[in-house]
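Indexing begins at 1, ligand by ligand and atom by atom, following the structure's order.
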Amino acid sequence: MPALTLVSIPLCPYVQRAAISLAEKGVSFERKNVDLSNRPEWFKKISPLGKVPVLLDGEQPIFESVPILEYLEETQPNPLHPSDPLRRAQHRAWIEFGSTVLADLWVVETSPDRDTVEKKLEILRGKFERIESEAKGPWFDGEKFSLVDTVFGPVFRYFDLIDRLIDHGIFRNTPKVAAWRQALKQRPSVINAVSPNYPVLLERFVQNQKGYLASLLKQAA
Ligand SMILES: N[C@@H](CCC(=O)N[C@@H](CS)C(=O)NCC(=O)O)C(=O)O
């Protein structure tokens, strides 16, 4: 039985980071889904913020995705962080940048207000233009897949849905980012971080938010 358990929900991009890292490291783990609308007592005990992911190493919990990634770096084989301290610190900063992108995407998925969504898409355009000058290809930092890639695999997945509904053109002037997105889409660890019915689940989630994106889904149906 694997010693590591990743407490999850099916759609969470922060859970996916950890799942991608574990797969890249070749470490077997168990995935245990939890119902966040009705958190069981055992989950409340191990998750002080009530959030997933939580990684259980045996019975010891670690909450928050970034400490989980760092713990896996320190305890498991096949490092994904660079060995150079300066570069490693820079990767940590880009991971934080990726988290702000996820926060912007959350607004895009859920806001009822068209104007708010369009403003967020403009902010996202600026962020991807900024990262265009950093991304080396095929992965963020060149030939070696890194933790920054584990963060952006789940980020780009949202655009598979958004692209169908809005002609945002965010990647039109960012060829390196566009190629990076395609490379991540084909990486087995990224593909397998979610179940095959992820697109259906995401669409259902967006519909349930009853936001602007949900109204576009309805029109497209
Ligand atoms: N900063 C956290 C964010 C995790 C997070 O927001 N998880 C969401 C699911 S994707 C969650 O559990 N939300 C429940 C809630 O906010 O009540 C991390 O990096 O792990």
Can you run down the salt bridge (Lys or Arg N to Asp or Glu O under 4.0 Å) pairs that involve residues 4-23, sequence neighbours left out, and say none if there aren't any? none
Between Ser47 (side chain only) and Phe43 (backbone N and O only), is there a donor and an acceptor less than 3.5 Å apart? no
Might you point out which heavy atoms bring Gly153 and Leu184 nearest each other, and give the distance in Å? N-CD1, 3.7 Å
Lys/Arg-Asp/Glu bridge criterion (N-O < 4.0 Å) met for Lys25, Glu73: yes
Check ligand 1 against the protein and report each N/O to N/O distance under 3.5 Å, formatted as atom name, atom name, distance.
residue	atom	partner	partner atom	Å
ligand 1	1 (N)	Glu64	OE1	2.8
ligand 1	1 (N)	Glu64	OE2	3.4
ligand 1	7 (N)	Val52	O	2.8
ligand 1	12 (O)	Val52	N	2.9
ligand 1	17 (O)	Arg39	NH2	2.8
ligand 1	19 (O)	Ser65	N	3.4
ligand 1	19 (O)	Ser65	OG	2.6
ligand 1	20 (O)	Ser65	N	2.9

Does Glu41 pair with Lys44 as a salt bridge, N-O distance under 4.0 Å? yes
Is there a donor-acceptor pair under 3.5 Å between the side chain of Asp141 and the backbone N or O of Ala135? no
